[in-house]
Amino acid sequence: SCKSETPILSSANKERASSTFVEWTVDSLSAPVTTGISEGADVTAFTDKFAGRARLGNRVQKFRRDFMVSDLQEAVDSVGPAKIAQAEAKAIRELKRDIEATLASANTQKVENGAGTANALGGLGDWIQNAAGSANVPADFQTPAASVVDAGASLSEDELNGLITSIFTVTGSSNDLMLIADTTLRSD
């Protein structure tokens, strides 16, 4: 059977890139404060709310699937579809699978060098890792270790609850979560 579901690609926002290296900023909130302020107390010091901001970026990667049918295939009716429109539709499904696999990979970014190395985007596995010296994410913005579980073929309810707790602790929200699972994990 043909695996053509692309939940990561389907859920991602799409927009035009304006350069081959797309950048964005990340920021964090300071720890909650539970102490009060005395009546009439003046502000004596100010906090730069953007001092901890960081710039992140990822490469734009080109994907291509070629297709063709012969003039004879296009001219005659065959048992199975072999027209240019069907070939194009199949190539599009293959492209979506290529993009999905790349997004879900642990691939690292690569910069076009003009000598055989093409631009390559960093996959989620590279972005989500909790590792010192990550090339993509400064230490202050790396995924907490408690939010990373390499479940392989099984994910226990305790591990899932631990992930949700860790995400809530860091972000203050657990409303918009989506689990992307391979068929092996879904069958458990």
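Side chains included, hydrogens not; waters and symmetry mates left out as well; all remaining heavy atoms used. Starting from 1, each residue takes its place in the sequence as its number.
- Nearest heavy-atom pair, Leu56 versus Pro138, reported as atom, atom and distance to 0.1 Å: CD2-CD, 3.4 Å.
- Other residues, nucleotides and ligands contribute over 12 non-hydrogen atoms within 6.0 Å of the CE atom of Met178.
- Cluster annotation: Ile180 and Leu124 are assigned to the same hydrophobic cluster (Ile/Leu/Val/Met/Phe/Trp/Tyr, side-chain heavy-atom contacts under 4.5 Å, transitive).
- Phe63 has its side chain out of reach of Arg65: every pair of non-hydrogen atoms, C-beta onward, lies at least 4.5 Å apart.
- For the pair Glu100 (side chain) and Glu5 (backbone), a donor-acceptor distance under 3.5 Å is absent.
- The two residues Val170 and Pro144 have their closest heavy-atom pair at CG2-CG, 3.5 Å.
- Of the inter-residue distances, the one linking Leu155 atom CG with Leu179 atom CG reads 7.0 Å to the nearest 0.5 angstrom.
- Under the side-chain hydrogen bond (donor to acceptor under 3.5 Å, both in side chains) criterion, the residue pairs touching residues 11-24 are Glu23-Arg55, with sequence neighbours excluded.
- Here the shortest heavy-atom pairing between Gly52 and Asp27 reads C-OD1, 4.2 Å.
- A pairwise comparison of heavy atoms in Asp126 and Asn107 identifies CB-O, 3.3 Å as the closest pair.
- With a 4.5 Å cut-off on side-chain heavy atoms, Val111 and Arg59 count as touching.
- Taking a 6.0 Å sphere around CZ of Phe67, one finds it holds more than 12 heavy atoms contributed by other residues, nucleotides or ligands.
- In the displayed structure, Leu29 atom CG is contacted under 6.0 Å by at most 12 heavy atoms of other residues, nucleotides or ligands.
- A heavy-atom distance below 4.5 Å is found between the side chains of Leu9 and Leu103.
- Val26 and Ile128 fall into different hydrophobic clusters, where Ile, Leu, Val, Met, Phe, Trp and Tyr are joined by side-chain heavy atoms under 4.5 Å apart, directly or via other members.
- Criterion: ILVMFWY side-chain heavy atoms under 4.5 Å apart, direct or through other members. Under it, Leu163 and Leu177 are part of a common hydrophobic cluster.
- Under a hydrophobic-cluster definition in which Ile, Leu, Val, Met, Phe, Trp and Tyr are linked whenever side-chain heavy atoms come within less than 4.5 Å, directly or via other members, Ile99 and Ile8 are assigned to the same cluster.
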For a quick test of your reading: what N or O donor-acceptor pairs under 3.5 Å do the side chains of residues 112-123 make, sequence neighbours left out?
unit_1 : atom_1 : unit_2 : atom_2 : d
Asn113 : OD1    : Ala115 : N      : 2.7
Asn113 : OD1    : Thr117 : N      : 3.1
Asn113 : ND2    : Thr117 : OG1    : 3.3
Asn119 : OD1    : Glu112 : N      : 2.8

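- Between the CD atom of Glu94 and the CD1 atom of Ile92 there is a distance of 10.5 Å, given to the nearest 0.5 Å.
- A distance-only check finds a donor-acceptor pair linking the side chain of Gln109 to the backbone of Gly57 [under 3.5 Å].
- Applying the side-chain hydrogen bond (donor to acceptor under 3.5 Å, both in side chains) test to pairs two or more places apart or on separate chains, none has a residue in residues 42-53.
- Between Ser173 and Ile167, the closest heavy-atom pair is O-CG2, 3.8 Å.
- At least one donor-acceptor pair under 3.5 Å links the side chain of Thr102 to the backbone N or O of Asp98.
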